[in-house]
Amino acid sequence: MILDRFRITGQAAVVTGAGRGIGAATAVALAQAGADVLISARTEAELAKVAREIEETGRRAVTVPADLADLDAVGGLAGTALAAFGRLDIVVNNVGGALPRPFLATKARHLADAFQFNVNTAHRLTQAAVPALLASGGGAVISITSAVGRTAGRGYLAYGTAKAALAHYTRLAAADLAPRIRVNAVAVGAVATSALDIVLTDDTLRGQMEQATPLGRIGDPDEVAAAVLFLASPAASYITGKILEVDGGIERPNLDLGIPDV
């Protein structure tokens, strides 16, 4: 049956930034589809809650509280998953972010920090995971990038540049790791997570974002998780090096955060 191609029964996954939002929804979705999941984020209490949801599906959960800006910490997740589960099949690079800033307030260190947190972390974990993925017969790597990586929005210089780099990293890594490891990304638009609190709690900003989105609403983390599951599953076995846009059709953020002209 075609639905069987969306199952990942018996596989093992690592999801970063999994304490809440897209990462948490993704971890639970992978477990519901049959995978054991290692989850990592900074806050132990948030991880414990997600772990309980994973275990309620009948799958195993391993929690690793860590500062994932630390490349050694993020790189070590692959070995921890392999030791816990005996295999590794799926890597989800979800950790990332950067604060909006005016152009003249965006220093070189802000660009460097954004690249470190959004690109270097993904590379470090992916690179560390490759031997385990190959030993399991191949696998899938999915990174979470952003619509701001391809659209222009005031104040997003560091964040958008880093997410654009992550998108192209995905294409290049896919070429390097084919044919046994597939590498794809999901570019998200406005999704109801804590990172969007400033928009969700301001009726004016929320209205601007909804108006700028052709589907007329803010997305849900489960909608992104469903896209990640698709890319991780055998249903996407002929897809690599692609960026799946889950953004409600948005072409420009068109959001006034009060960022000055310069």
Side-chain angles (χ1 to χ4, degrees), residues 6 15-33 39 41-43 46-47 49-50 53-54 68 92-102 114 117-118 122 142-164 166-167 170 184-232 236 242-259:
F6 293 86
V15 182
T16 61
R20 55 189 174 181
I22 291 170
T26 295
V28 173
L30 295 176
Q32 289 173 341
I39 53 177
R42 190 187 301 270
T43 305
E46 292 180 342
L47 290 175
K49 179 178 181 296
V50 179
E53 293 183 53
I54 291 170
L68 297 179
V92 181
N93 294 305
N94 173 63
V95 69
L99 292 174
R101 286 185 175 85
F117 199 38
N118 293 275
I142 303 98
S143 297
I144 304 300
T145 183
S146 170
V148 183
R150 63 175 177 81
T151 65
R154 187 185 298 277
Y156 294 106
L157 184 68
Y159 180 68
T161 299
K163 287 303 191 184
L166 182 58
T170 296
N184 294 290
V186 178
V188 303
V191 176
T193 69
S194 59
L196 208 68
D197 276 349
I198 189 174
V199 173
L200 298 176
T201 57
D202 185 302
D203 289 343
T204 299
L205 292 178
R206 183 176 186 127
Q208 289 176 8
M209 182 59 76
E210 290 172 341
Q211 187 174 12
T213 304
L215 289 184
R217 63 177 177 84
I218 305 296
D220 186 86
D222 284 341
E223 293 174 306
V224 180
V228 175
L229 173 59
F230 164 63
L231 291 173
K242 302 303 178 186
I243 315 300
L244 177 56
E245 297 170 2
V246 181
D247 57 16
I250 196 168
E251 290 299 329
R252 188 178 179 203
N254 195 30
L255 189 63
D256 183 5
L257 294 175
I259 302 294

Steps toward side chain to side chain contact (heavy atoms under 4.5 Å, CB included) verdict (Ile243, Asn184): CA-CA 6 Å; Ile243 315 300; Asn184 294 290; over 6 Å; no
Worked verdict on Asp247 versus Arg150 for side chain to side chain contact (heavy atoms under 4.5 Å, CB included): CA-CA 12 Å; Asp247 57 16; Arg150 63 175 177 81; 2.4 Å; yes
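Val224 places none of its side-chain heavy atoms less than 4.5 Å from the side chain of Asp222. Side-chain contact between Ile218 and Arg206: present, with at least one pair of heavy atoms (C-beta onward) separated by less than 4.5 Å. Inter-residue side-chain proximity for Ile250 and Met209 is flagged as met; some heavy-atom pair is nearer than 4.5 Å. Looking only at side-chain heavy atoms (C-beta outward), Lys242 and Leu244 stay at 4.5 Å or farther from each other. Contact annotation: the side chain of Asn93 never approaches that of Ile142 to less than 4.5 Å [non-hydrogen atoms, C-beta and beyond].
Contact between Ala122 and Leu166 at its shortest, heavy atoms only, is CB-CD1, 3.8 Å. Between Leu231 and Ala185, the shortest heavy-atom contact is CD1-O, 3.9 Å. Taking every heavy atom of both residues into account, Val246 and Ala227 meet most closely at CG2-CB, 3.7 Å. The two atoms that bring Tyr159 and Ala98 nearest to each other are CD1-N, 3.6 Å, heavy atoms only. For the residue pair Pro214 and Gly248, the shortest heavy atom distance occurs at CD-O, 3.3 Å.
How far CG of Leu157 is from CZ of Arg101: 11.0 Å, rounded to the nearest 0.5 Å. For the atom pair Ile39 CD1 and Lys49 NZ, the distance stands at 10.5 Å (nearest 0.5 Å).
No donor-acceptor pair under 3.5 Å is formed between the side chain of Thr145 and the backbone N or O of Ala187. In terms of modelled atom types and a separation under 3.5 Å, the side chain of Asn94 and the main chain of Ile144 share no donor-acceptor contact. Side chain of Thr16 to backbone of Val95: a donor-acceptor contact under 3.5 angstrom is found. With Asn118 contributing its side chain and Ala162 its backbone, the two residues share no donor-acceptor pair below 3.5 Å. For Glu223 (side chain) and Asp220 (main-chain N/O), a donor-acceptor pair under 3.5 Å exists by modelled atom type. For the pair Ser146 (side chain) and Val148 (backbone), a donor-acceptor distance under 3.5 Å is present.
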Under 3.5 Å, which donor-acceptor pairs link side chains of residues 18-33 to any protein atom two or more places apart or in another chain?
unit_1	atom_1	unit_2	atom_2	d
Arg20	NE	Ser194	OG	3.4
Thr26	OG1	Ile22	O	2.8

